[in-house]
Structure formats: structure tokens, C-alpha cells
Asker: 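First, the structure itself, so that you have it in front of you.
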Amino acid sequence: MFPFGKRRFRDLTAREVLALAIGAEEEDARRYRDMAERLAPNFPGSAKVFDEMADEEDGHRHLLIDLFRKKFGEHIPLVRRDDVSGFVRHPPVWSLKTISVDGFRHDAATMELQAQRFYLSAAERATDPDVRALLGDLAAMEAKHERKAEELEAEHLGESVRTEEDATRRRMFVMQIVQPGLAGLIDGSISTLAPIFAAAFATQHSFAAFQVGLAASIGAGISMGLTEALSDDGVITGRGVPWVRGAVCGLMTTIGGLGHTLPYLIPDFWTATAVAGVVVAAELIAISWIRWHYMDTPLHSALAQVVLGGVLVLLTGIFIGSA
């Protein structure tokens, strides 16, 4: 690290610019290999693309090292992008909780654009013809990397590989978003039926039922959110970032309970109860559709299971409230 904080790029010498470029190419290559390593278990085709992009960066680094030795000798000072103002910081790949092929591709495009602009700026400032020529060539190579990436994808991501990776991406979406959301919706829609309808039929007062439903829905949302978030960190199971799963689960739990709670804002008790019953039916149908669409559960089986459970809980609440 420079003693007085970050240096401005325009203040660097030619020797420091080349050293910075060498370090940047090495860092980018290692970052691409980190991406490939994270993708390999589930997206082997995309992993090969990032591996070959890393090889491209290694080639650039060797060109820069050869020129540096020719101009300045064997010792290459350590000049990092963190030492120079104006560079975009990227979080280390190993620290990322979730794996996203599209996210990695966007990150790679940002890295290539940053490298291209760096080489263009450095070439404009260079006075040595050899340095200027190499930096200009590297800028042109970086500009072509998007096309190169497309060529690599065409080579390694055939139709069967793309189909397999799309299936993996869908499976990860189901595990990380749909499943915790569905668990929350089921819990919020069904478990809150008993206390809400028990309070409704015990008091036959709409606002009292609304208060009980509101408390049950929010309480269940907090409980389910914490349970999901604390159940595992997602590293072993691949279920994604814990707080994201917890937030999705907790929110859907609360929504599931509020659906048949809000009708009790209607002053007339029987009208409110009738509307709440319609909402319950809609919730159970929505749950069955999600299970059929994302979990491949036969629709008739999903309807039978969810409706049976919902009706049992609903009747339990009505029976206890009417006792």
C-alpha cells in the first residue's frame, strides 16, 4: 500500500503502470478460475468458458511481463488496483453465498470493460513506442473478449448442456426461493386458520377476529422467517443465502395469514366470514398450483392434500370457537 493512501492513475510512472497491468491480469485470471471452480459442480459447461477466459488473461500477463523485463528488468513491484483510485471493486468469489451464472457473466463483462478503459488510458499516456503499442493491442483484445466469450459459449454450451444447465438453474431457484416461500405460504394460510376462526366464532365480533389474525400472521411470519434462516447456512445444502430464504419464508407466511384476516375489517361478522372463506379457498388453490407448477406434484393430488389439511384446520377453529 502506498504510504499516503491511494495514488491517482495519472501520477503513475510507466514502470508502475506495467506493474499494475500485470497484477490486474493475474487477479482477473484467478477470479475467472474461482468462478469456474464454483460453477463446475452444477454448471460444468459454463465453468469451461470461465477457465478458458482465465487462460486468455494469463496470455496477456505473459506479454506484459516480457515487455516489463525488456524495459525495466526482472523485479516487478507489487502495484495493486486497490492502491490506485478509480477502479471498481469486486467482492471475492469465495465470499459469495449464492451462485449465479448470469451474475458471473455480468461481473466478467464489467471486468473486461474496466480493463479495456484502463489500457486505452494507459496507451494514451505512454511515450515509449513499444509500451504504447502493447497497451493499445491489449485494449483491442479486451474489446473483443465479449465476442470471444460468445465463441467459447458456442463451443462448450451445446444444446444438451444448455438444457441441463437451465434445469439446474430452475432447481436452484426452486430450492432457494420457491420452496421457502411455499413453506411460508402453507404455514401462514393453514396454521392461522384455527386461531382466527376460533376467535371469530367465539366472539362473533369482526374486529376481535382481525386483531387475533393480525397477531397470528405477524407472529408466524417472524417465527417461520427465523426458523428458515437459522436452519442451515446454505453451504452444504446449496439452498442459498440464509437471510434471503428467511425473508422470503417470513414474508409469505405473513401474507398467507393476512389474506383471510383482512376480510374481518368488514364490520358485519357473517359477511366478513363469508369473504374470508372465499379467500381461504383462493389461497388453497394457489398453494396447489405452486406445488403442481414447481414441485411437479400432480394437480389433483396437490388439491386433495392441501384442501383436506385446510378444511381440517378450519373446522377445528370453528368447533373450538363455537364450543
Side-chain angles (χ1 to χ4, degrees), residues 24-61 81 88-116 141-183 228-229 231-249 290-297:
E25 292 291 351
E26 180 180 8
E27 182 182 333
D28 286 351
R30 294 180 68 176
R31 185 172 180 81
Y32 284 141
R33 288 197 170 93
D34 285 346
M35 292 178 180
E37 188 269 338
R38 291 291 302 274
L39 291 172
N42 295 309
F43 304 99
S46 293
K48 290 179 181 178
V49 173
F50 283 103
D51 263 330
E52 295 204 20
M53 290 176 69
D55 291 339
E56 288 278 321
E57 302 302 324
D58 283 339
H60 295 176
R61 179 167 56 88
R81 281 185 284 208
V88 177
R89 291 181 58 86
H90 299 277
V93 176
W94 58 263
S95 70
L96 302 176
K97 294 290 187 181
T98 58
I99 299 174
S100 167
V101 177
D102 292 336
F104 282 170
R105 287 173 180 161
H106 176 76
D107 199 7
T110 302
M111 291 163 59
E112 300 297 343
L113 179 60
Q114 177 177 258
Q116 179 192 358
M141 292 179 190
E142 297 292 349
K144 295 177 182 178
H145 267 195
E146 184 173 355
R147 186 169 62 194
K148 177 66 174 177
E150 292 175 355
E151 293 172 357
L152 291 173
E153 288 180 5
E155 178 183 350
H156 296 296
L157 298 179
E159 190 63 33
S160 61
V161 176
R162 287 184 182 274
T163 300
E164 183 179 343
E165 290 198 356
D166 286 343
T168 300
R169 190 179 292 107
R170 183 179 188 275
R171 185 169 65 252
M172 292 177 69
F173 173 72
V174 169
M175 283 196 306
Q176 297 173 3
I177 301 297
V178 176
Q179 191 276 331
L182 180 60
E228 181 63 40
S231 61
D232 69 77
D233 60 7
V235 174
I236 302 299
T237 61
R239 296 180 65 224
V241 182
W243 69 263
V244 173
R245 297 197 326 269
V248 170
C249 184
I290 294 172
R291 294 189 65 208
W292 165 73
H293 185 73
Y294 288 103
M295 305 299 185
D296 297 326
T297 304

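Keep in mind the model is a prediction, meaning the values are calculated, not measured.
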Asker: When you compare the side chain of Gln179 with that of Arg245, does any pair of heavy atoms fall below 4.5 Å?
Answerer: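 Of all side-chain heavy-atom pairs linking Gln179 with Arg245, none is under 4.5 Å.
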Asker: Kindly write out the residues that satisfy side-chain hydrogen bond (donor to acceptor under 3.5 Å, both in side chains) with Glu25, not counting sequence neighbours, or none if the list is empty.
Answerer: Tyr119
Asker: Between Met141 and Glu56, does a side chain to side chain contact (heavy atoms under 4.5 Å, CB included) hold up when you go through it step by step?
Answerer: CA-CA 10 Å; Met141 292 179 190; Glu56 288 278 321; over 6 Å; no
Asker: Taking salt bridge (Lys or Arg N to Asp or Glu O under 4.0 Å) as the definition, give me every residue that meets it alongside Asp58, ordered by chain and number, with sequence neighbours left out.
Answerer: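 Listed in chain order: Arg33, Arg61.
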Asker: Kindly indicate, with the supporting measurements, whether the criterion side chain to side chain contact (heavy atoms under 4.5 Å, CB included) is fulfilled by Met111 and Tyr32.
Answerer: CA-CA 10 Å; Met111 291 163 59; Tyr32 284 141; 3.8 Å; yes
Asker: Any side-chain heavy atom of Lys48 sitting closer than 4.5 Å to one from Leu39?
Answerer: no
Asker: So which heavy atom on Val93 is nearest to which on Arg38, and how close?
Answerer: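 Where Val93 meets Arg38 most closely, the heavy atoms are O-NH1, 2.8 Å.
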Asker: Would you compute the distance between atom CD of Gln114 and atom CG of Asp28 and round it to the nearest 0.5 angstrom?
Answerer: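 Rounded to the nearest 0.5 Å, the CD-CG separation comes to 7.5 Å.
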Asker: Glu112 versus Glu57: any side-chain heavy-atom pair under 4.5 Å?
Answerer: yes
Asker: Of all the heavy-atom pairs spanning Ala29 and Ala54, show the shortest one and how long it is.
Answerer: O-CB, 3.4 Å
Asker: Would you give the length of the straight line joining atom CZ of Phe50 to atom CD of Glu37, rounded to the nearest 0.5 angstrom?
Answerer: 13.5 Å
Asker: Tell me, do Val244 and Ile177 make a side-chain contact under 4.5 Å, heavy atoms counted?
Answerer: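 Yes; the side chains approach each other to less than 4.5 Å.
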Asker: Provide the closest heavy-atom pair for Pro242 versus Ala229 in the form atom of the first, atom of the second, distance.
Answerer: CB-O, 3.3 Å
